[in-house]
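What you see is a predicted model; the values in this text were computed from it and never measured.
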Amino acid sequence: MLEAGRLSPSSFGYEPWKFVLINSPKIKEDIRPFAWGVTNSLDGADKLLLILARTDVTYDSDYVRNLVEGLHHHQFSPNSKPSQSFKHFQERDLAITNDRELFDWASKQTYIAMANMMTAAAELDIDSCPLEGFNYRKMNDYLAQHSIINPNHWRASVMVSFGYRDQPIKPKVRQPLNRIYEELN
């Protein structure tokens, strides 16, 4: 499942994520007061994964430089065509103008990885549950205070739990397809 997340596609291939498996009973108890929507997973899931999103993925960031040079073995320049293309994409196409919008873009990328991990889990007959039910400010403060993250580079994006259910599956209730699908010809 982690490999499915690691190999997931991301915008420009910049992988703005980090996966943190929470095994520590102490951390689980510490976050319980501000992780109201995670309670069932804290109590019953076999694995609880916190997915972090980078806060500083820009065309001229050290992070991008390290990926381009260290991982892809290409020469890096903020003035190169690929760097300028990424700058144009973020600044013009996405109209990112502040740190929150930059984090939101990176956070969207983490959902791609999470969805792929959940699909991989389903293929293995392992249940999963995406989790946003926590106070983000308190979670980020906790993670920073306990040196789990450097808040200049990371913030909590989403959590996901994995395990085997101990109760029957409830039938899904969803809108009919004709309300949520449209074809343009």
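- At least one side-chain heavy atom of Leu143 sits less than 4.5 Å from a side-chain heavy atom of Leu50.
- Side-chain contact between Asn116 and Pro9 is present, with at least one heavy-atom pair separated by less than 4.5 Å.
- Ile148 is listed as a side-chain neighbour of Ile27, based on a closest heavy-atom distance under 4.5 Å.
- Leu131 places a side-chain heavy atom less than 4.5 Å from the side chain of Leu48.
- Counting all heavy atoms, side chain and backbone alike, Ala106 lies closest to Arg54 at CB-O, 3.2 Å.
- Rounded to the nearest 0.5 Å, atoms CZ (Arg92) and NZ (Lys87) are 7.5 Å apart.
- A heavy-atom distance below 4.5 Å is not found between the side chains of Thr58 and Glu91.
- Remark: side-chain polar atoms of Gln84 are paired, donor with acceptor, to backbone N or O of Pro78 under 3.5 angstrom.
- Rounding to the nearest 0.5 angstrom, the gap separating the NZ atom in Lys47 from the CE atom in Met117 is 14.0 Å.
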Using a 3.5 Å cut-off and no angle test, enumerate the donor-acceptor pairs between side-chain atoms of residues 177-185 and protein atoms at least two apart in sequence or in another chain.
{"residue": "Tyr181", "atom": "OH", "partner": "Glu183", "partner atom": "OE1", "Å": "3.2"}

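- The shortest heavy-atom contact between Ser83 and Tyr59 is O-CB, 3.3 Å.
- A perpendicular orientation is assigned to the rings of Trp154 and Tyr63, their planes being inclined by more than 60° (bins at 30° and 60°).
- Considering only heavy atoms from C-beta on, Leu52 stays 4.5 Å or farther from His153 through its side chain.
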Donor-acceptor pairs are to be reported for all side-chain atoms of residues 159-169 against protein atoms at under 3.5 Å, with residues two or more places apart or in another chain.
{"residue": "Ser161", "atom": "OG", "partner": "Ser41", "partner atom": "OG", "Å": "2.8"}
{"residue": "Arg165", "atom": "NH2", "partner": "Asp127", "partner atom": "OD1", "Å": "2.4"}

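- Crowding of Gln75 atom CD: a count of heavy atoms from other residues, nucleotides or ligands under 6.0 Å not exceeding 12.
- Note: Asp60 CG to Phe86 CZ = 10.0 Å, rounded to the nearest 0.5 Å.
- Put simply, the side chain of Phe76 does not reach to within 4.5 Å of the side chain of Pro82, judged on heavy atoms.
- Ring orientation note: the planes of Phe34 and Tyr142 are tilted relative to one another, at an angle of 30° to 60°.
- Atoms CG and CG, on Asp46 and Asn23 in that order, are 9.0 Å from each other to the nearest 0.5 Å.
- Across all non-hydrogen atoms, the minimal contact from Asp30 to Pro33 is O-CD, 3.2 Å.
- Minimum heavy-atom separation, Gln90 to Val57: NE2-O, 3.0 Å.
- Taking CD of Glu15 as the reference point, atom CG of Leu7 lies at 8.5 Å (rounded to 0.5 Å).
- Across Pro151 and Thr55, no two heavy atoms sit closer than the pair O-OG1, 4.2 Å.
- Closest non-hydrogen pair, Leu21 versus Leu49, comes out as N-CD1, 3.7 Å.
- Note that CD1 of Ile149 and NZ of Lys18 are 9.5 Å apart. Values are rounded to the nearest 0.5 Å.
- In this structure, Leu42 is a member of the same hydrophobic cluster as Met139, with clusters built from ILVMFWY side-chain heavy atoms closer than 4.5 Å.
- We find that Arg155 and Asp104 are not joined by a salt bridge, their nearest charged nitrogen and carboxylate oxygen being 4.0 Å or further apart.
- Electrostatic pairing of Glu3 and Arg6 counts as a salt bridge here, judged by a charged N lying under 4.0 Å from a carboxylate O.
- Side chain of Gln109 to main chain of Trp17: no donor-acceptor pair is present (N/O by atom type, distance under 3.5 Å, no hydrogens or angles).
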